[in-house]
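Please read the structure below before turning to the comments.
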Amino acid sequence: MFRIRFHGRGGEGIKTASRILGSSFFFEGFQVQDAPKYGAERRGAPVSAYVRADHKQIYERGEIHKPDLIIIADETLLHVTRNTVLEGIYENTVIFIISAMSNSELEEIINCGKTIIKIAPAVLPENYHRFLSSITASATARFTGIIQIDSLIRGVEEELKSAKNDLILENTAIAKKIFNDMTSYSGIVTETDGTPVITEPQLIDLPLHNSSIATPAIRTGSTSVKNQTGSWRTSRPVILQEKCSRCMLCNVYCPDSAITKNEEGFPVIDYNHCKGCLICREVCPSGAITQEDEKTSRSKTV
Amino acid sequence: MSEGLIKNIKDLSVEHNLAPGTSMCAGCGALETVKLFCDILGKNTVFVNAAGCMTLLAIYPFTPFSGSWLYTAMASASAGAQGIRDALDILIKKGRLSASEDLKVIVLTGDGSAYGMGLSATSAAIDRDLDFYYLCYDNEGYGNTGHQDSAATPYGARTATSASGAGFTGRKKDLFSIWAAHKPAYLATIIAAEPLDLAHKVEKAMTIKGPKMFITLAPCPTGWHYEPHQTVSIGKLAVKTGIWPLKEFKDGTVTHTKVLKERVPVEEYLKLQGRFEHLFVPEKNPALINRIQTTVDQYWKDV
Amino acid sequence: MTRQVLLTGNAAAAWGARLSSADYIPAFPITPQTEIIETLSEWINNGEMDSHLTMFESEHSMITAAGSAATAGVRVFTATSSQGLMFGMEMIFALPGWRVPFVLVNVSRGLASPITLECDHNDILAARDSGCIQIHCSTCQEILDSVIIGYKISENKEIRLPVIVNLDGFYLSFTREAVEIPEHHEVSQYLGEYNQMNDHYSSSAPQARGLIVLGGSQYSYFRYQAHLANLKALDVYKEAAEEFAIQFGRNYSVIESYRTDDAEYCFIMIGSFSTKAKSAVDHLRSEGLKIGLIRPRLIRPFPSEELNILLSGIKGAAVIDQNISFGKGGILYTEITSALYGAHGSYPVTGSFIGGLGGRDITIDEFIVIAGEMREYTKKGIQPRTRLLFTGDELE
Ligand SMILES: Cc1ncc(C[n+]2csc(CCOP(=O)(O)OP(=O)(O)O)c2C)c(N)n1
Ligand code: SF4
Ligand code: SF4
Ligand code: SF4
Ligand SMILES: [Mg+2]
């Protein structure tokens, strides 16, 4: 069985990628399971999806805890939910990532001695974010060494069938290109047999707890600050003090209470929470807020 | 117009009672209103939430509110507010709670709930003259379930259940008038893109006892299909085109708080949103656009 | 000085709320419950009861308000019946998870369709899996007392779950019986000062309640805690009932047993018709059959152990269900047999009889027929098939 797990952010096409891959396996005659997993969070929040493919009926279900392949569509996730992204790595696990980092940097961050296949955004079209699902699905299809290009393209077309024709053509074109570019990795991800490794769970007898804690209640305010929604950002707003008139409109309109005021009366962005909506940039009457690519800014500040 | 403390933007608080770290989408127009509401009403509040996107404002154990919160159900947030208001009054009357500990009770619901499932509970709360605030954030669809059409979806908008052809073929229900017919103590439409108008209205409501009803148009990047940074521009255009009239109802009369000499054509508002894209591509559909324009013109002719 | 007066079951329920000093009563009318809220409202308007009643526009809202007010820290009483309980069911299932105390009286009435105003137990048993504690009554006195005991359990710091006190429409709700009304101050002493624990909203102590959780682990934890608390309520009930017996002289064990000491046979049922079973027992005993009655008062938590002890010498038991789970049969029968299964070596031959649906009478003669059938089957050692108590005449 192939067990493949995708990681990305809400809105990046992770679910679509898993479905394209699922369909491609299916067209090759495999039994398939594909499904997204998302919590309550939305656009920009970390999400995952998984695909299982086997020659016989699949009895496993739900999350994949021991993946043969992990796809990291958004490298910022390595900073935010590293443990989730890298959960269950074992000797055969291959990691595929879209990243501007050098190989050595990546190895240092991932740090688990596994095969890491990287595509640098530089070799992709500038608007590659629009095609992330086709890019990741296509590379993955190639890694299996089993999915043929026809099945992959059929998968892309099927999944995007309600989209406009141009968009479908752009997607199939990039899927073909990536499939070709990845030829040398054909077959790098291998099937493992279906029997799961059993680690005996330590069941406990749950005792009765105090009724005040045994209900989902919060007895204090403002605890949500602990959620670092700054990790959702793909672009960040940057305030240019020299242009800023301290009108505080940015503060008024920021939906996320992510702009404070410093002692000199200048706005300060709380990057731990700013979700990167860029409303502040849009409403700033002085053009004092610019937009920077999150990955570049992150490496600058590190 | 305001006798309140907020005379201009500078008077709005730069420190916020609603903490960051919620799971609302980036650029959420509803969250913008809730933030302003919390700032103006202060910390002594208890929000009573119906099912909708805002259910997820507080996810155990994280709450953004500096005050209190209770999630009830999609149909009955107003009844929950009644229960809490009654309880607070009883406790104060019986001397079990000091009056200085009292809270403002605010219902927070989406349009799906306000215009539909929750309407009877709300109608009854107004009938009972419940002393509460009611904030409906109107994102014109069942947002939390993926933006299907609700009774607040405007004509021509595409939703998950009106995904093709001319979009939604029904019309947006006039909840303002339905509520006005109940004669609540105060009723207003607001939008976060016009924070001063919003602040004046909330401040005014704070001096009034009884049901204080608000409907805020809540631009929703996820359900309306536009880029999150456009939330405020789209909100402003909703007002400038006359699509979202800013008005209030008090003592039996409706007053428009923003009457424009010239209105921007609705096209400017519609064309920014993916849910109306079919009015413009592959080719422009003047008939549909005109129909929307005519409805707006008709409304303002009657004002 | 306690008084004995004639009270309907509804009035007895209202008295229970009055003596328990309920602060708040969210209300909505439905036959056969309406008299409860009318009585309470009259007392409040007369100044005889220091409480606040709010009329809602539906039971869904009424029960939401009951739970919400309880999270704010007042003692709440409410009542409904049948369609009303069903309409509020979303909240009936939600509120145990809030871990808030209050007492709801349900006046049992058959569910539509067809529409009926008369009694059976499908309404209350639909709430079986909600997490609410259920006390089932058979007399008007028991109703009044159960409301009071209900608050004692519900407000216990380990429990904090809603308690539903159930009484039968018409057969109790509108039937007057002699009821002893305890003194108010004695009930106050029994219940103690209302302890709102962590149920409060105030500017100095904010709280968020009723929250969503992420993931099955947290969900499992909170759900299982409500289950454990519900189980624990069995012990808490016993203590509360014992205390009640000492103070008021009336004894309410988790299961009422009547003439079961040397019994070889028994009827098992809940609700007001069980008193009819008692007269059948007396009659059958006079004819020499060693038979008794077993009547669980608590359905949730379910007193499995106590039941097993009571049934240990019984050879044949007839479970009479005033409800029906379409496609399965009697609900009480399923509960009883599952509690017996594997519990001790030999358990009785257990028969299932469905009767009294929509208020249909169960006559003494029918109890006698049931006993006869049970005797036969027990001798043969086989389980009888499920029988509906229905005669040929009724088809006419
Ligand atoms: C009784 C019931 N039915 C259905 C749902 C599922 N549901 C949850 S949120 C929601 C949509 C609510 O729409 P709206 O009030 O407009 O709020 P929004 O999601 O747009 O924020 C629905 C249908 C529910 N929670 N309860
Ligand atoms: S981009 Fe600007 S407006 Fe948006 S969350 Fe960040 S600081 Fe707030
Ligand atoms: S909106 Fe622009 S000018 Fe005004 S305070 Fe913010 S950054 Fe400065
Ligand atoms: S779907 Fe719309 S209303 Fe809901 S959280 Fe996202 S932006 Fe806000
Ligand atoms: Mg909505």
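All heavy atoms count here, side chains included; hydrogens, waters and symmetry mates do not. Every chain is numbered from 1, with letters handed out A, B, ... down the list of sequences. Values in this document were obtained by computation on a predicted structure and should not be read as measured data.
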Output yes when a side-chain donor or acceptor of [X] lies under 3.5 Å from a complementary backbone atom of [Y], and no otherwise.
| X | Y | answer |
| --- | --- | --- |
| B:S66 | A:S222 | no |
| B:Y60 | A:I218 | no |
| A:K275 | B:T22 | yes |
| B:T63 | A:T223 | no |

Mind listing the closest non-hydrogen atom pair of [X] and [Y] along with its distance?
| X | Y | value |
| --- | --- | --- |
| A:S257 | B:H16 | OG-CB, 3.6 Å |
| A:S224 | B:A19 | OG-CB, 3.6 Å |
| A:Y253 | B:P195 | OH-CD, 3.3 Å |

Exercise. Could you pull out all residues at least two apart from B:K284 that satisfy salt bridge (Lys or Arg N to Asp or Glu O under 4.0 Å)?
Key: B:E267
[X], part contacting chain B, at a heavy-atom distance under 4.5 Å:
| X | answer |
| --- | --- |
| A:D270 | side chain |
| A:V225 | both |
| A:T220 | backbone |

Less than 4.5 Å to any heavy atom of chain A: does that hold for the side chain of [X], its backbone, both, or neither?
| X | answer |
| --- | --- |
| B:C28 | backbone |
| B:T33 | neither |
| B:P221 | both |
| B:K43 | neither |

Report the option among [options] that has the most heavy-atom pairs separated by less than 4.5 Å from atoms of chain A.
| options | value |
| --- | --- |
| B:A192, B:G235, B:S164, B:C53 | B:C53 |
| B:A30, B:C25, B:P282 | B:C25 |
| B:K10, B:E227, B:E15, B:K35 | B:K35 |
| B:E32, B:Q230, B:M24 | B:E32 |

Quiz item: Does the pair A:V283 and B:H229 meet the rule for a side chain to side chain contact (heavy atoms under 4.5 Å, CB included), with working shown?
Solution: CA-CA 9 Å; A:V283 299; B:H229 64 85; over 6 Å; no
Practice problem: May I ask you to decide whether B:K236 forms a salt bridge with A:E282, counting only side-chain N to carboxylate O separations under 4.0 Å? | Solution: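 No, no charged N to carboxylate O under 4.0 Å.
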Quiz item: Going through the distances and angles, do A:T260 and B:V14 end up as a side chain to side chain contact (heavy atoms under 4.5 Å, CB included)?
Solution: CA-CA 7 Å; A:T260 56; B:V14 290; over 6 Å; no
